[in-house]
Amino acid sequence: MIDEFAKDNLHRRLRRDREALLWKLDGLSEYDARRPLTATGTNLLGLVKHVANVEARYFGEVFDRPSPEPLPRWQDHSHGSDLWATQDETRDQIIGFYRRTWEHSDATINELPLDAPGHVPWWPEPCPNTNLFAVMVHVLGESIRHAGHADILREGLDGRTGVRAENEKQIDEEARAAYCAKIEQAARSAVPIKASASFAIRRS
């Protein structure tokens, strides 16, 4: 009973964060979906491509249920090839691959028990031998992490935030500006307090 409860909750959260990640592409131009938005090149479509490959591998070959679609060698991921979209890869191709991967992953999750053995060849010893529960937790962590990245990147582009489209609220620019100003003032006010305290400690 507890295994089914745990699996259902992990799976439900994974499905939620998949959709949240995809939503971050909604309404963006091709350029904004692909362009680097941090000093390390992080970009929105690349995040989707990366998470799709992560799911395809972890719920595929780890349980001897390889993805029906060709994947690059896992060794090649160290070069960051799965973190950005080439000019020959369309947004629809990457999103389609991600959605088809969900179907394959969901079949693995639904058909195997949580203690089903798996083998992750890219994990160092003594960790490669694992099970479905550990892999679900790992993939969920990856999905949540990158959905969070995507949320911040999208906010930086046009101010849109949130997890679900149906819960999105109209942006109140004045309220946001006032809120940020309050935080900025608190940050500036804290600096001399810390500096004074540090000086007092050194003198004593």
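Computed from a predicted structure; not experimentally measured. Worth knowing before you read on, the calculation uses all heavy atoms, side chains too, and leaves out hydrogens, waters and symmetry mates.
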>> Closer than 3.5 angstrom, by distance alone: can the side chain of Thr38 be matched with the main-chain N or O of Thr42 as a donor-acceptor pair?
In response: yes
>> Would the distance check show the side chain of Asn43 and the main-chain N or O of Gly41 forming a donor-acceptor pair, the cut-off being under 3.5 Å?
In response: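 Looks like yes, one N/O pair under 3.5 Å.
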> Does a sphere of radius 6.0 Å around CG in Asp64 hold more than 12 heavy atoms from other residues, nucleotides or ligands, not counting ones at 6.0 Å or beyond?
Replying inline: no
> Should we say atom CH2 of Trp84 is surrounded by more than 12 heavy atoms from elsewhere, each under 6.0 Å from it?
Replying inline: no
> Can Ile152 be reached from Leu37 by stepping across I, L, V, M, F, W or Y side chains whose heavy atoms are under 4.5 Å apart?
Replying inline: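 Unlinked, Leu37 and Ile152 end up in two clusters.
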> Do Trp23 and Val48 belong to the same hydrophobic cluster, where Ile, Leu, Val, Met, Phe, Trp and Tyr are linked whenever their side-chain heavy atoms lie under 4.5 Å apart, directly or via other members?
Replying inline: no
With a 4.0 Å cut-off, would you call [X] and [Y] a salt bridge?
X	Y	answer
Arg65	Glu61	no
Asp26	Arg160	yes
Asp17	Arg13	yes
Lys7	Asp3	no

Sub-4.5 Å side-chain heavy-atom contact between [X] and [Y]:
X	Y	value
Leu157	Leu44	yes
Arg16	Val163	yes
Arg18	Tyr98	yes
Val139	Val135	yes
Asp151	Lys24	yes
Arg91	Leu45	yes
Asp115	Phe133	no
Arg99	Leu22	yes

For a quick test of reading the model, state the closest non-hydrogen atom pair linking [X] to [Y] and the distance between them.
X	Y	value
Leu14	Ser143	CD1-OG, 3.5 Å
Asp158	Ile171	O-CD1, 3.8 Å
Ala147	Leu21	CA-CD1, 4.2 Å
Ile94	Ala85	CD1-CB, 3.6 Å
Glu168	Thr161	CG-O, 4.2 Å
Arg154	Leu25	NH1-C, 3.9 Å

>> Please determine whether salt bridge (Lys or Arg N to Asp or Glu O under 4.0 Å) holds for the pair Arg15 and Glu19, giving the CA-CA distance in whole Å, both sets of side-chain angles, and the decisive distance to 0.1 Å.
In response: CA-CA 7 Å; Arg15 290 193 293 264; Glu19 294 287 356; over 6 Å; no
> In chain order, what residues pass the ring-ring contact (aromatic ring centres under 6.0 Å, His included) check against His138, with sequence neighbours excluded?
Replying inline: Tyr58, Trp123
>> Looking only at side-chain N and O atoms, does Ser105 offer a donor or acceptor that is under 3.5 Å from a partner on Glu55?
In response: yes
> His104 and Arg100: side-chain donor and acceptor closer than 3.5 Å?
Replying inline: no
> Looking at NE2 of His146 and CG of Leu47, how far apart are the two atoms once the value is rounded to the nearest 0.5 Å?
Replying inline: 6.5 Å
>> Walk me through whether Asp106 and His11 qualify under side-chain hydrogen bond (donor to acceptor under 3.5 Å, both in side chains).
In response: CA-CA 8 Å; Asp106 290 346; His11 200 180; 2.7 Å; yes
>> I'd like to know whether Arg12 forms a salt bridge (Lys or Arg N to Asp or Glu O under 4.0 Å) with Asp8, so could you lay out the CA-CA distance, the side-chain angles of the two residues, the decisive distance to 0.1 Å, and finally the verdict.
In response: CA-CA 6 Å; Arg12 191 182 318 121; Asp8 182 62; 2.4 Å; yes
> Taking only residues at least two apart or on different chains, which pairs with a member in residues 41-53 satisfy salt bridge (charged side-chain N to carboxylate O under 4.0 Å, His left out)?
Replying inline: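 Non-adjacent pairs meeting salt bridge (charged side-chain N to carboxylate O under 4.0 Å, His left out): Lys49-Glu89.
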